[in-house]
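To find a chain, count down the sequence lines: A is the first, B the second, and so on, and within it residues start at 1.
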Amino acid sequence: MKVVFKGKAAEFEEANGFVVAKKFEPETYKKFVAFVQNGVQHDLSEKVEEGEIEFIDISSREGFEILNHSSSHLMAQAIKHLYPQAKFGFGPAIEEGFYYDVDFGDQVLTDKDFAEIEAEMKKLSKAAIPFKRKNLSKEEAFEMFKDNEYKVERISELDGNISCYEQGDFVDLCRGPHVPNTSYIKYFKLLSLAGAYWRGDSKNKQLTRIYGTSRASEEELKEYLELVERRKLNDHRRLGKELGLFMLSDYAQGMPFFLPNGQIVMNELINYWREIHARENYLEIMTPTMMSKELWETSGHWAHYQDSMYTTEIDEKEYAIKPMNCPGAILAYKSDLHSYKELPLRLAELGHVHRYEASGALNGLFRVRAFTQDDAHIFVRLDQVEDEVKRIMALFDEVYDVFGLSYKIVLSTRPEDHIGEENFWDLSEKALAKACESSGHEFSINEGDGAFYGPKLDFKLKDANGRTWQCGTIQLDVNLPHRFECSYIDEHGEKVEPVMLHRVVFGSIERFIGILIEHFGGNFPTWLAPVQVCLLPVNNEAHLEYAKEVEKELKELGIRVKIDDSNEKLGYRLRAASVKKVPFTLVLGDKEKENRGVTYRKLGSAEQIPVSLDEFKVLIKDIIKNKVR
RNA sequence: GCCGCUUUAGCUCAGUUGGUAGAGCAGCUGAUUUGUAAUCAGCCGGUCGCAAGUUCGAGUCUUGUGAGCGGCACCA
């Protein structure tokens with residue numbers, strides 16, 4: 001086991017951020033005295049005892065980051081050797097590895113160049129070049145990096161002493177820490193290439209970002225690369241194709257087609273959604289897909305959202321296809337007078353919206369141009385906001401729990417381009433934070449990421465690759481009700497403006513289905529499975545009739561059942577059912593026919609369970625009703 | 001939109017230095033009538049994303065363009 005020692009003592013930091021014990025046993029670390037520091041042996045036992053130095057397992061998260069950060073430096077050194085004109089931007093460790101942003105000038109790099117860079121890195125690794133920390137004054141730093149405008153820009157933002165790390169002929173501006181020398185970086189791989197704007201601003205030059213990953217052992221690297229491969233198996237785009245769930249067509253870029261199997265999943269989700277929303281006293285409405293320009297001008301979308309809207313002309317009048325359902329819901333609200341006694345008034349809508357998303361942003365079902373929001377607009381009095389938000393969060397918890405999904409909450413605050421008065425924003429942001437706090441939901445804050453009309457709580461779920469996608473959201477909005485002059489009559493007979501909450505649980509049903517496909521790896525719980533039961537007559541001549549009888553009885557219970565009477569051996573048909581991820585496979589032969597039984601197998605299990613048909617009916621009804629996962 | 005890559009049969013993929021396309025699976029047909037993860041045989045199936053160009057000749061090379069993938073920006 002390799003252990004990195006992190007120095008806390010100032011003089012130690014100055015010498016080098018890190019030293020590493022070569023053969024470390026945790027129980028005996030106090031006895032451990034010899035360290036490699038810049039290639040020199042030092043006795044640091046005293047510093048260990050005094051707690052000035054802490055040890056870090058290179059396989060720990062912190063060790064991982066140090067290793068990968070050092071790897072990005074090593075890669076930069078190798079690149080500098082091969083491409084002397086290269087200028088470097090930022091090169092940090094990230095979740096699963098590291099990257100470095102490089103300006104190669106006019107040269108175009110492709111992933112075919114990785115082999116050469118990796119070979120050079122290996123060479124440098126073998127040389128065991130020590131990482132040496134140096135502290136520079138600002139002037140010295142400017143002088144040292146004067147040929148690199150990116151580093152110069154960064155240095156100009158720093159105060160006081162500026163540290164850099166030197167390994168052989170390569171120096172980089174860096175806070176550290178690093179592994180002691182390049183030989184610690186042995187098990188790495190360059191993974192991909194991407195354009196990335198300098199400092200994340202699309203107005204700036206695009207640099208070449210090279211992603212890689214570095215591990216403490218060959219085994220860990222292999223494991224990681226296998227994990228990357230395994231993730232592909234759960235990719236919803238692949239499973240969606242294999243299981244006949246959805247498709248995409250060049251004729252409608254970014255607008256998914258739901259195929260029969262996928263439509264079943266969607267319909268089941270919608271049934272469930274309607275059920276719980278009826279219970280929670282939501283009233284369902286449906287509003288038009290296209291509405292005229294004036295409406296969007298009133299709502300502010302025309303001014304703040306036009307780039308994302310599809311428009312058309314009807315009878316010489318401009319229309320927009322709705323990118324959101326809110327204005328429609330507001331018109332529905334305004335169709336009648338409302339008493340304070342009616343509030344909270346919850347108008348739900350499964351709204352199919354269209355948004356012109358950048359072509360490069362599109363991604364399977366996760367990022368599309370046409371999708372269905374399981375929307376609701378809730379009109380409340382100001383004093384009802386906190387309770388209602390808590391109530392919505394409880395509903396979210398209930399729903400996500402059914403699928404076994406976990407989420408992270410992010411509070412997004414006012415963006416630069418927002419409408420309405422600042423004090424409303426102050427109040428709204430506080431109200432959302434308070435609702436989270438008082439209901440025991442943890443959240444982080446994303447400054448400036450709110451909607452133009454109000455702040456929001458976003459519920460983010462992870463896909464198979466660990467990327468997060470916003471699904472549920474709760475948005476607080478005083479602006480749209482004001483712009484549309486919404487009102488209710490309070491207990492004194494006065495007209496008062498209500499507050500509006502926008503909220504979606506699934507978010508986009510399409511995206512949510514994508515998440516579910518990956519979450520379950522295509523093995524949907526029985527209540528969602530396109531085909532729930534597959535019937536396999538052992539012999540078509542002798543058992544098909546009984547299979548049809550079983551089919552009829554199960555169908556009467558509303559179960560989605562299919563007979564596989566193809567002329568294949570049982571083994572083949574079992575495998576076929578398993579490939580199609582059917583939750584229950586029932587084998588029907590002489591034994592079963594004789595005593596009105598079935599022998600069932602659950603997906604993923606080889607266990608054969610004989611029961612009577614009546615018992616099976618009770619069992620599967622129960623599993624479906626309870627949404628057993 | 002930007003950077004890089006990919007694009008060949010319904011699906012997954014081969015196609016060597018340019019000489020007008022192959023496999024497995026799926027599908028269809030026949031034989032087999034099967035008791036727990038692939039029975040055998042035959043057949044069908046491709047303007048090689050699209051459009052130009054170079055060439056005697058292009059799936060292979062060049063340019064343009066569509067779509068997809070990985071990122072970046074975006075996600076109001």
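Among the protein residues, A/K232 comes within range of no part of the nucleic acid, since none of its heavy atoms lies under 4.0 Å from any strand. Backbone-only contact: A/G364 has heavy atoms under 4.0 Å from sugar-phosphate atoms and none from a base. Within the nucleic acid shown, A/S359 comes within 4.0 Å of at least one base atom, counting heavy atoms only. When heavy atoms are screened at a 4.0 angstrom cut-off, A/Y197 is found touching base atoms of the nucleic acid. Within the nucleic acid shown, A/R355 comes within 4.0 Å of at least one base atom, counting heavy atoms only. At the heavy-atom level, A/Y99 lies nowhere under 4.0 Å from the strands shown. Across all strands, A/T599 comes closer than 4.0 Å to base atoms (heavy-atom distances). Across all strands shown, A/K591 has heavy atoms under 4.0 Å from base atoms, whether or not it also approaches the sugar-phosphate. Residue A/A194 is in base contact, counting any heavy-atom pair closer than 4.0 Å across all strands shown. Using a 4.0 Å heavy-atom distance criterion, A/N540 is classed as a base contact. Across all strands shown, A/V108 has heavy atoms under 4.0 Å from sugar-phosphate atoms exclusively, and none from any base. Using a 4.0 Å heavy-atom distance criterion, A/Q306 is classed as making no nucleic acid contact. Contacts of A/L207 with the nucleic acid, taken as non-hydrogen atoms under 4.0 Å apart, are absent.
For A/D590, the listed nucleotide lying nearest its side chain is B/rG35; candidates were B/rG35, B/rA37, B/rC72. When each of B/rG68, B/rA38, B/rA67 is scored by its nearest atom to the side-chain atoms of A/D250, the top-ranked nucleotide is B/rA67. The A/Y572 side chain lies nearest to B/rA38 when the options are B/rA37, B/rG68, B/rA38.
Comparing B/rC75 with B/rA38, their C1' atoms sit 45 Å apart, to the nearest whole Å. The same atom, C1', is picked in B/rA58 and in B/rC5; the two are 22 Å apart, to the nearest Å. Taking atom P on both B/rG1 and B/rU20, the two are 38 Å apart, rounded to the nearest angstrom. B/rU54 and B/rG45 are spaced 33 Å apart, taking the C1' atom of each and rounding to whole Å. Nucleotides B/rG49 and B/rG10, compared at atom P, are 13 Å apart to the nearest Å.
Checked by distance alone, A/Q253 brings no side-chain donor or acceptor within 3.5 Å of a matching partner on the base of B/rG68. At a cut-off of 3.5 angstrom, counting only N and O atoms as typed in the model, there is a donor on one side and an acceptor on the other between the side-chain of A/N567 and the base of B/rU32. Residue-to-nucleotide contacts include a donor-acceptor pair under 3.5 Å from the side chain of A/R367 to the base of B/rC74. Not a single donor-acceptor contact under 3.5 angstrom links the side-chain atoms of A/Y356 to the base of B/rG1. One can find a donor-acceptor pair under 3.5 Å joining the base of B/rC2 and the side-chain atoms of A/Q206. Between the side chain of A/R601 and the base of B/rA37, a donor-acceptor pair under 3.5 Å is found.
Side-chain atoms of A/R511 come within 3.5 Å of backbone atoms of A/F366 as a donor-acceptor pair (strictly under, hydrogens ignored). For A/R573 (side chain) and A/D564 (main-chain N/O), a donor-acceptor pair under 3.5 Å exists by modelled atom type. At distances below 3.5 Å, not a single donor-acceptor pair connects side-chain atoms of A/R355 with backbone N or O atoms of A/S308.
Within the model, atoms NZ of A/K581 and CZ of A/F524 stand 10.0 Å from one another, a figure rounded to the nearest 0.5 Å. Within the model, atoms NE2 of A/H377 and SG of A/C486 stand 11.0 Å from one another, a figure rounded to the nearest 0.5 Å.
Under the 3.5 Å distance criterion, with hydrogens and angles disregarded, a donor-acceptor pair is assigned to the side chains of A/Y100 and A/D172. For the residue pair A/T287 / A/K322, a side-chain donor-acceptor distance below 3.5 Å is found, with atom types taken as modelled.
Close to B/rC40, at under 4.0 Å from its OP1 or OP2, lies no side-chain N or O of A/K569. The side chain of A/R467 places an N or O atom within less than 4.0 Å of a non-bridging phosphate oxygen (OP1 or OP2) of B/rG71. Within the structure, every side-chain polar atom (N or O) of A/R238 is placed at least 4.0 Å from both OP1 and OP2 of B/rU12. In terms of phosphate contacts, A/R573 brings no side-chain nitrogen or oxygen within less than 4.0 Å of OP1 or OP2 of B/rU34. The side chain of A/N363 contributes no N or O atom lying less than 4.0 Å from OP1 or OP2 of B/rG68.
The interatomic distance linking A/L365 (CG) with B/rG68 (C1') rounds to 14 Å, in whole Å.
Both A/R511 and A/N465 lie close to RNA chain B; mapped to their nearest nucleotides by heavy-atom distance, the more 5′-ward contact belongs to A/N465. Across the interface with RNA chain B, nearest-nucleotide mapping of A/G360 and A/N539 shows A/G360 to be the residue nearer the 5′ end.
A perpendicular orientation is assigned to the rings of A/W296 and A/H301, their planes being inclined by more than 60° (bins at 30° and 60°).
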